[in-house]
Structures are given as C-alpha cells and as structure tokens.
2 protein chains.
Amino acid sequence: MPTAKIPSDPVQKALPLYRLVKRDLQQMIEAGHYGIGKALPNEATLSTAMKVSIGTLRHAVDELVHEHVLVRRQGKGTFVAPHNNARFMFQFFQVEPRPDPEEGHPIRELEYPDIACISFTRDKAQPTEARALRIRPGDQVFRIENKLSLNKQVVVHDQLTLPLAKFRNLSEHQFVNRSSTVYALYQSDFGITVLRAQERARAVAAGRSVARVLGMPVGCPVIEVHRLALTFADKPVEYRISTIDTRAHDYVSVLSKK
Amino acid sequence: MPTAKIPSDPVQKALPLYRLVKRDLQQMIEAGHYGIGKALPNEATLSTAMKVSIGTLRHAVDELVHEHVLVRRQGKGTFVAPHNNARFMFQFFQVEPRPDPEEGHPIRELEYPDIACISFTRDKAQPTEARALRIRPGDQVFRIENKLSLNKQVVVHDQLTLPLAKFRNLSEHQFVNRSSTVYALYQSDFGITVLRAQERARAVAAGRSVARVLGMPVGCPVIEVHRLALTFADKPVEYRISTIDTRAHDYVSVLSKK
DNA sequence: AAGTGGTCTAGACCACTTG
DNA sequence: AAGTGGTCTAGACCACTTT
C-alpha cells in the first residue's frame with residue numbers, strides 16, 4: 001500500500017494515488033527488492049497488496065515504463081529494465097557514419113563500436129569533475145580511457161571518471177572483460193541504473209594525445225562532449241569526456257522524440 | 001467513429017481501438033479541422049461521436065498529448081499544441097552559455113536569442129537539400145540567413161532552406177516581422193506544425209563568411225549542425241544548417257528524457 | 001490450462017475554469 | 001452553477017507465453 005497518502009509536508013500539493021503508487025514502486029526498485037532478471041509480482045497481486053484498483057496500479061506502471069525504468073512483456077510479466085540491449089546502446093551511443101550525399105540514407109546495419117581500453121587508473125577528482133559528480137575535490141575516482149572504433153576506424157576517444165565510492169572494488173579486469181556495455185556493468189555489478197544523461201558539446205582543436213589516438217593532425221576540429229550520466233533522483237554516477245572525429249562521422253540527435 | 005476497424009491490408013495486424021481513434025484524431029488535426037486557438041470537442045462528446053468509451057478516447061488523447069500534438073487544460077479543454085511557447089523554443093534552441101566552472105550551474109534565466117535576418121532570397125535547391133526535403137534538385141526554395149545573439153554576442157549563424165511549394169507567398173517582411181518563433185509562423189501562417197527534428201553535428205573550421213558573422217578568426221573550430229525539421233508522418237519541412245560559436249557556449253542535449 | 005499483461009467498458013466523483 | 005479535464009474503481013474479455 002502507498003505508505004503515505006497524506007504528504008508529510010503540508011505545503012506540498014497532495015499527489016494523486018497513482019503517483020504515490022509509482023513512488024513506492026520506484027523506491028522498491030531502487031532498493032533492489034526486485035531482481036534484475038526476475039519479474040515483479042503480477043499486477044493483480046500488486047494492486048491488492050497496495051490496496052488500489054488495477055487501473056490505478058497500471059497507471060503508475062505505465063509511467064515507469066515510459067521512463068524506461070520498467071518493461072512489460074505480455075504473457076510473461078513486468079521487469080526492471082535491463083540495460084544491456086541495442087536500444088540503450090544506441091540511445092547513448094550517438095555517433096554514426098555520415099551518409100554518402102550521393103546515395104542518401106542507405107538501409108544500413110546499426111553498428112556496434114569496438115571498444116578498447118587504453119588506460120585504467122585511480123586518481124583524485126579534479127574540481128570540475130568533483131562538482132559534476134557531487135563529490136569533494138580530491139576524492140578518489142577511477143579514470144578510464146577508451147577508444148571506440150566503427151568499421152576498424154577509431155572515431156571516439158573517451159575519458160570516464162567514476163567516483164570510487166560508488167564503484168568499490170571495480171577492477172580493470174572486470175571492466176575490460178565485461179560481457180556487455182559499461183552501463184549494463186554498472187547495473188549488474190553495482191546496482192546502478194543509468195536513466196538519463198546530460199551532454200554539453202563544443203568544437204575544439206584536437207590536442208596532441210587525442211590526435212594521436214584518433215589518427216588525425218593536431219589542431220583538427222573535433223567535437224568534445226561532456227556527459228554526465230544520472231540515476232534515480234538525478235544522482236550523478238559517471239562523468240565522461242568524449243572526443244569525436246567528425247571528419248567522416250556525425251554526432252546525431254533527435255529533438256522532441258515521439 | 002473510427003472509420004475502419006478492420007484494416008484494409010490483411011497483412012497488417014489489427015490495431016487496437018484506441019489506436020484507430022488516435023489515427024482518426026490525428027487525421028482531423030492534420031486536415032486542420034480543429035482551429036489553433038480553439039478547443040476540441042469535449043471528451044464525452046468525442047467518445048460518443050466515435051462510439052467508444054471515454055476511457056478509450058482518453059487513451060488515444062493521452063498518446064497525442066505525450067507526443068506534443070495536443071495539450072490538455074483542466075477545466076478548459078483540449079487544444080492543438082501551439083508552437084509559440086517557451087517550452088518549444090528551448091526544445092529546439094539548444095545553445096547555452098557555458099557555465100562558469102568556478103560557480104557551477106547558477107540559477108540562470110533562460111535567455112531568448114535575438115534573431116537578425118541577414119538575407120532572404122529565392123534559389124534553386126542543391127542536391128543535398130533536395131534529397132533531405134524530398135523535392136527535386138532545382139526546385140525553388142527560400143534561402144534565409146540569420147544570426148542569433150545571446151546577451152548581445154552573436155553565437156549562431158543559421159541558414160534555412162524552405163521548399164517554396166510548402167511556403168507559397170512567404171515574404172521577407174512576413175518572416176522578419178513575425179510575432180514569435182519561426183515554427184510558430186509555419187504553424188499559424190502555413191498550417192505546418194513542426195513535431196520533431198533530426199540533427200547531425202560535426203566540427204569544422206570556420207569559413208570566411210561565417211567567421212565574419214560570428215566575429216572569430218577564420219579556421220576556428222565551430223560546430224555545424226544540419227537539422228531537418230519534420231511534421232506529421234515525418235514529412236520534411238525545413239532544412240537548416242546552424243554554425244555555432246562554442247568558444248563560450250555549449251550545444252546541449254539530454255538523452256532519454258523523462 | 002493457467003498465468004501474465006493489454007484492451008475496453010460504464011460510471012462515480014474530484015479539481016479547475018468560467019460565467 | 002455549469003462545463004471541462006483528472007482520478008479511481010470493478011469487472012469483462014482478449015492476446016500472448018509457459019507448463
């Protein structure tokens with residue numbers, strides 16, 4: 001049942017029932033009450049347990065499905081959204097070969113990038129990172145450098161910064177030998193589900209080390225994307241600077257997605 | 001009532017009722033049956049007219065609201081989404097001052113850009129534009145150049161390409177003296193509602209003319225965004241190349257929006 | 001056959017806006 | 001007070017998956 005139909009803070013407007021149900025579900029999910037591969041209790045059970053009608057329960061679940069927190073599968077059940085499928089891969093990996101202007105948009109296989117780890121170290125957080133990650137400057141972080149290739153061509157250089165406190169015991173071996181995407185790793189091994197990411201992009205001239213990795217002359221214009229990945233309640237989990245070689249690829253996005 | 005509960009193509013899976021209702025509503029909207037400032041018939045009326053329950057009608061409307069095609073206002077009615085508010089302005093205008101690293105994210109007023117028209121001409125479509133807009137190369141287009149300023153500083157150079165066929169009689173005076181955003185103009189004066197946009201960004205070295213407009217040295221890295229704006233059924237309406245000075249501003253985006 | 005989510009209905013009542 | 005959308009209920013039946 002919703003734990004508090006009457007909000008504790010009288011200034012807050014009363015939430016509708018289905019929002020309370022949603023909030024309670026979300027708290028259960030965050031707390032890890034529902035295993036990643038296993039189904040939630042079925043809707044009839046949940047609705048009686050929470051003392052709401054099944055329509056209200058569905059309303060709450062609908063919203064969580066819309067936010068990619070849950071997925072429904074008819075005939076099977078409702079699950080915590082796994083973070084290991086192509087959908088999420090391409091929701092977050094936004095670099096594509098530039099279409100040939102002569103041919104328009106060929107029906108092309110979406111391509112997974114090959115990811116190679118260049119370095120994996122511990123370090124102290126720089127002020128900028130610390131502010132983004134809401135930790136203190138000097139707190140320990142993992143600093144991981146990757147290069148991403150499409151079609152044997154290196155197109156992206158990534159530098160990830162992870163707060164050590166959230167990723168205790170992460171090892172290079174574990175990172176390099178993960179079975180799926182890094183976000184799937186965060187979820188399966190650390191219980192951290194990345195829900196959203198904010199990105200800020202700018203054009204800069206490639207520096208020496210990045211130019212070497214990307215195989216381009218120093219000073220070549222590249223896009224530098226600063227990404228902050230967020231989990232529930234917009235808590236930051238990862239800070240990432242991606243440098244993209246856009247000589248033959250584009251950084252793509254869709255506004256106002258349906 | 002939904003015009004065809006039984007789909008004409010037997011290969012197609014049968015759509016649920018609420019999808020048929022949605023499709024019919026969408027067709028009415030596209031055809032302009034519902035004026036832009038006026039409310040649709042109320043939900044009870046629509047549901048009886050379409051011979052469906054009010055719950056089913058609401059399900060259909062819910063989806064259109066989620067896609068920003070309609071907006072509901074409690075106590076007033078349901079309206080075709082107007083394209084003239086801050087929400088849409090910033091949904092599509094994605095350039096922001098870079099936050100000061102010393103201060104983090106100040107609570108800053110979102111700022112409207114000042115837009116100045118540099119040139120307004122007719123021309124023939126280039127092959128690339130033509131393909132994007134799905135017209136023939138050589139078909140007539142409007143070609144419009146703008147510069148956008150934030151805080152008196154020019155930060156974006158835009159070049160718009162509009163198919164003349166869709167924008168008959170558009171005049172420079174009309175364009176320059178519009179009362180709101182260009183997308184609001186498309187909607188109010190030409191019945192064209194921009195629903196989505198695809199963008200492809202790359203880093204390039206600023207050319208002579210753009211560098212002059214942006215007040216930067218030639219060769220300075222800039223982001224070049226190629227945007228295709230789409231209406232219902234993903235029909236293209238506008239092709240736009242924006243060149244962004246990212247020395248002090250960022251091109252921002254949010255992935256997996258809630 | 002049993003269990004799950006998906007659709008659809010009919011109606012009651014609430015909250016907000018306008019006259 | 002009247003009209004609008006917003007919430008909530010209780011139940012029937014359908015479609016898909018597994019046993």
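All values reported here derive from a predicted model rather than from experimental measurement. Letters go in sequence order (proteins before strands), and every chain restarts at 1.
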First of A:Ala44 and B:Gly75 reached from the 5' end of DNA chain C, by closest nucleotide: A:Ala44
Rounding to an integer number of Å, can you tell me how far A:Arg19 CZ sits from D:dG6 C1'? 12 Å
Please tell me which of the listed nucleotides, D:dC16, C:dA10, C:dA15, lies nearest to the side chain of B:Ser53? C:dA10
What distance separates A:Ile54 CD1 from A:His59 NE2, expressed to the nearest 0.5 Å? 15.0 Å
Using a strict 4.0 Å threshold on nitrogen-to-oxygen distance, state whether B:Arg19 and B:Glu63 make a salt bridge. yes
From CE of A:Met50 over to C1' of D:dA10, roughly how many Å is that when rounded to an integer? 19 Å
Is there a side-chain polar atom (N or O) of B:Arg72 under 4.0 Å from OP1 or OP2 of D:dG6? yes
Spacing between B:Tyr18 atom OH and C:dG6 atom P, to the nearest angstrom: 9 Å
Check the phosphate of C:dT9 against B:Thr56, side-chain N and O only, distance under 4.0 Å to OP1 or OP2. Yes or no? yes
Rounded to whole Å, the CD1-P distance (B:Ile54 to D:dG5) equals 8 Å
Looking only at side chains, do B:Tyr251 and A:Glu199 share a donor and an acceptor under 3.5 Å apart? no
B:Arg73 CZ to C:dT18 P, in whole Å, measures 9 Å
Do A:Phe190 and A:Asn169 pass the side-chain contact (heavy atoms from CB on, under 4.5 Å) test, and can you show the C-alpha distance, the side-chain angles, and the key distance before you say yes or no? CA-CA 10 Å; A:Phe190 300 92; A:Asn169 302 323; 5.6 Å; no
Atom CG in A:Leu57, atom CG in A:Leu25: separation rounded to 0.5 Å? 6.5 Å
Nearest to the B:Lys76 side chain among C:dT9, C:dT17, D:dC8, which nucleotide is it? C:dT17
Paired nucleotide for D:dA15 [Watson-Crick or G-U wobble; both distances under 3.5 Å]: C:dT4
Expressed as a whole number of angstroms, how long is the span from B:Leu57:CG to C:dC8:P? 12 Å
Whether A:Thr78 contacts C:dG5 is assessed here as follows: a side-chain N or O lying under 4.0 Å from the phosphate OP1 or OP2. Is that the case? yes
In whole angstroms, how far is the P atom of C:dG5 from the CG atom of A:Leu46? 8 Å
May I have the distance from A:Lys51 (atom NZ) to D:dA10 (atom P), rounded to whole angstrom? 13 Å
Out of C:dT9, D:dG5, C:dG6, whichever nucleotide has its closest atom nearest the side chain of B:Gln74: D:dG5
Short side-chain N/O contact from B:Asn42 to OP1 or OP2 of D:dT4, under 4.0 Å: yes
Using a 4.0 Å heavy-atom cut-off, does B:Arg58 contact any base of the nucleic acid, only the sugar-phosphate backbone, or nothing at all? base
